[in-house]
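To start, the structure under review is shown below, and the notes come after it.
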Amino acid sequence: MGNIRLEQLREEMRKRGIDIYVVPSSDFHESEYVGEYFRAREFLTGFTGSAGTAVVTRDKAGLWTDGRYFIQAAAQLAGSGFDLYRMGEEGVPAIPDFLKAELPEGGVLGFDGRVVSGSLAETFQKAADDRHGSLYVTEDLTDRIWTDRPAIACTPLWILTEEYSGESAVSRLGRIRERMAEEKADVHILSSLCDIAWILNLRADDIEHVPVFLSFLFIFKEKAVLFVQPDAVGDEAAAYLKNCGVEVDSYWNVYDAASRLSENTSVLMNRKMVNYRLISSLSKRVKIIDREDPSELMKAVKNETELRNTRQAHLKDGVAMTKFMYWLKTNVGRIPMDEYTVGCYLDGLRREQEHFLDLSFEDICAYGPNAAMMHYAATADQKASVQPEGMLLVDSGGHYLEGTTDITRTFILGPVTPEMKRHFTAVVRCNLALANLRFLYGCGGISMDVVCREPLWELGLDYKCGTGHGVGHILNVHEGPNGFRYRVVPERKDSGVLEAGMITTDEPGVYLEGEYGIRIENELICVKDEKNEYGQFMRFEPITWCPIDLDGIEPELMNEKEKQWLNEYHAMVRENISPYLTEEERDWLKVYTREIV
């Protein structure tokens, strides 16, 4: 039986004369993760990954996604009527090229203008123009067939006080206005939910594990207007916003408000983030100053309060993770375990920590071959049994009032092959090489990623993703503009210069389809080192504290410097975590942080 939803969509396309319809993964704000209401691409294709775009023609259907999801997507698309297009692979057309090839002369290309950014819409417009075609952007066609679609989330706003944020919303608005003055902008239109939440020191729960709220923000020279769902704003938040000089308007009024801006207005915005419908609502005579949102870099460079608090969050998280490792290593094979219940046990340890708010993303607790899928998630109904052999990969994290964490460890549960240990040791060497790198200011992650990957490249291995990403402060666990990646991938927005105060993950890995996956991840703060006649040197401060499983290490495959780095890291783990453990756990930790020679 075919994909009924796909055929229903094609019927809606035929009614409107649409030849190709595009369904991205985004919401009205180009968010990486979206609420249930916005999961139209998942509804249509069955693919549950966070990144991907569905393209439907009258007789073809494709799903484009990146290397993190190749294995998962191939499995989930089976029988769906959608072909998998592996982005970046040789011979795979980019979506604009596919559109040009498939759109008939004079054809119609459709998409919901609210879930496609202005810059991407320009690319689609060009593809249509090349075929003397047109765009149809006024409807969400999936809404016509999604009869039991969830409601749009609306959760109450809460205030992140200055003891945790380190800076007032008034101050942050003032810094934004300074940048507006430099750009000679009358108004700054913001669509990015994380940036709005950061500027205003407000949080909510409209997206699972991403504590933000659906909103738009217009910042003028003398005031600001927050377009937000009225039911989300309680009395305390309303009074707070008023004191910050922020007016409140309905979320649904933003397009009308944009249309009322004067023709002589200069608008600062990021076309890659603001949706096509909102941009189209502006007068054609409005001057658009297309720049990255000033707040993107501001929020990426954590202030001293945020850094101090984040270190505390990682200490709590390290205690939970180390207790989890102790429990796992001492109980595997003694009590029944599966991926789902093991992940739930870890979640419980995090929830015991003071000021815990939420998980920072859905746990990836993957045993054996499942770990080769980078973003695998077990469920109560679909999970693998965990046995006292092979490896278990656990990628997890938490939001605390003090900050956000993201850590991955791969645990040896019993007998493993020499190849597994060789690959495990190589991944650890990669992680250590990056964490201990010293570099001159001005470098971006693109300058450093080769250093990290070299131990794997020596073995003819690689991984189809970046090595690390910026981490939000009680926001999205992924944020730019910092990251580690050996080539520029424009849509990832992670090739910026590394600044002191930025936090970036260090997470190399090996993923062998049908066999196993290995990943080791720590977070690093970029800090200043010495300054001399050659310039300002920089280095990294590790803030993630949990043993790297020595049962997977082959010391003879490491050089003396690498052994020293690992021994020094484990000494810090032991010093930081031991005071919070039981005597039995401390004795165990001494063994798993012992020096290797």
Side-chain angles (χ1 to χ4, degrees), residues 68 71 317-318 320-333 337-339 342-343 345-346 361 363-378 384 386-397 405-435 452-453 455-456 459 461-465 467-468 505-523 542 544-555 557-558 562 566 569-570 573 592-593 596:
R68 295 172 296 167
I71 300 171
D317 209 66
M321 277 296 300
T322 302
K323 284 178 172 288
F324 169 76
M325 182 177 177
Y326 166 78
W327 171 83
L328 177 70
K329 298 278 284 185
T330 56
N331 285 290
V332 65
M337 291 184 182
D338 62 58
E339 295 166 325
V342 166
Y345 186 87
L346 174 57
F361 55 96
D363 292 342
I364 300 169
C365 188
Y367 179 67
N370 289 337
M373 293 183 276
M374 296 182 194
H375 284 224
Y376 169 83
V386 174
Q387 300 297 322
E389 61 182 359
M391 299 182 290
L392 177 74
L393 185 156
V394 181
D395 187 351
S396 62
T405 69
D406 183 3
I407 175 175
T408 307
R409 288 294 183 268
T410 303
F411 302 107
I412 309 300
L413 302 184
V416 292
T417 67
E419 180 189 62
M420 289 176 176
K421 294 191 77 169
R422 184 166 63 253
H423 291 168
F424 188 101
T425 304
V427 170
V428 173
R429 292 175 59 214
C430 291
N431 177 279
L432 293 170
L434 180 55
C452 180
R453 291 178 192 257
L456 287 177
L459 301 176
L461 296 169
D462 194 30
Y463 43 96
K464 294 181 180 294
C465 62
T467 294
T505 64
D506 171 7
E507 47 182 312
V510 168
Y511 310 94
L512 301 182
E513 184 173 358
E515 297 185 51
Y516 54 84
I518 302 166
R519 178 160 68 251
I520 303 294
E521 175 187 18
N522 287 344
E523 288 186 32
T544 301
W545 306 117
C546 179
I548 294 171
D549 196 343
L550 293 175
D551 292 340
I553 296 287
E554 286 285 8
L557 298 178
M558 302 175 71
E562 291 165 342
L566 183 58
Y569 174 74
H570 274 156
V573 171
Y592 274 91
T593 56
I596 60 170

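Since the model is a prediction, treat every value here as computed from it, not as a measurement. Numbers here are sequence positions counted from 1. Side-chain atoms are counted along with the backbone in the values below, which use heavy atoms only and exclude waters and symmetry mates.
With hydrogens and angles disregarded, no donor-acceptor distance shorter than 3.5 Å links the side chain of H570 to the backbone of P547. Using a distance-only test at 3.5 Å, with no hydrogens or angles considered, a donor-acceptor pair links the side chain of R409 to the main chain of C546.
Residues forming a ring pair (Phe, Tyr, Trp, His ring centres under 6.0 Å) with Y376 (at least two apart in sequence, or on another chain): none. Here A435 pairs with D506, L524 under the side chain to side chain contact (heavy atoms under 4.5 Å, CB included) rule; sequence neighbours left out. Listed by chain and number, the residues in a side chain to side chain contact (heavy atoms under 4.5 Å, CB included) with A384 are E339, N370 (sequence neighbours excluded). K329 pairs by the side-chain hydrogen bond (donor to acceptor under 3.5 Å, both in side chains) definition with D549, D551, not counting sequence neighbours. Taking Q387 as the reference, S385 meet the side-chain hydrogen bond (donor to acceptor under 3.5 Å, both in side chains) condition, with sequence neighbours excluded. Remark: Y326 pairs with E584 by the side-chain hydrogen bond (donor to acceptor under 3.5 Å, both in side chains) rule, at least two apart or across chains.
Ring geometry for Y463 versus Y511: interplanar angle over 60°, hence perpendicular rather than tilted (30 to 60°). In this pair, Y516 and H423 present their aromatic rings tilted. The plane angle is within the 30 to 60° band.
Heavy atoms only, all atoms of each residue included: E419 and L512 are closest at OE1-CD1, 4.4 Å. The two residues A372 and G514 have their closest heavy-atom pair at CB-N, 4.5 Å.
Atom CD of E513 and atom CD of E515 lie 9.5 Å apart (nearest 0.5 Å).
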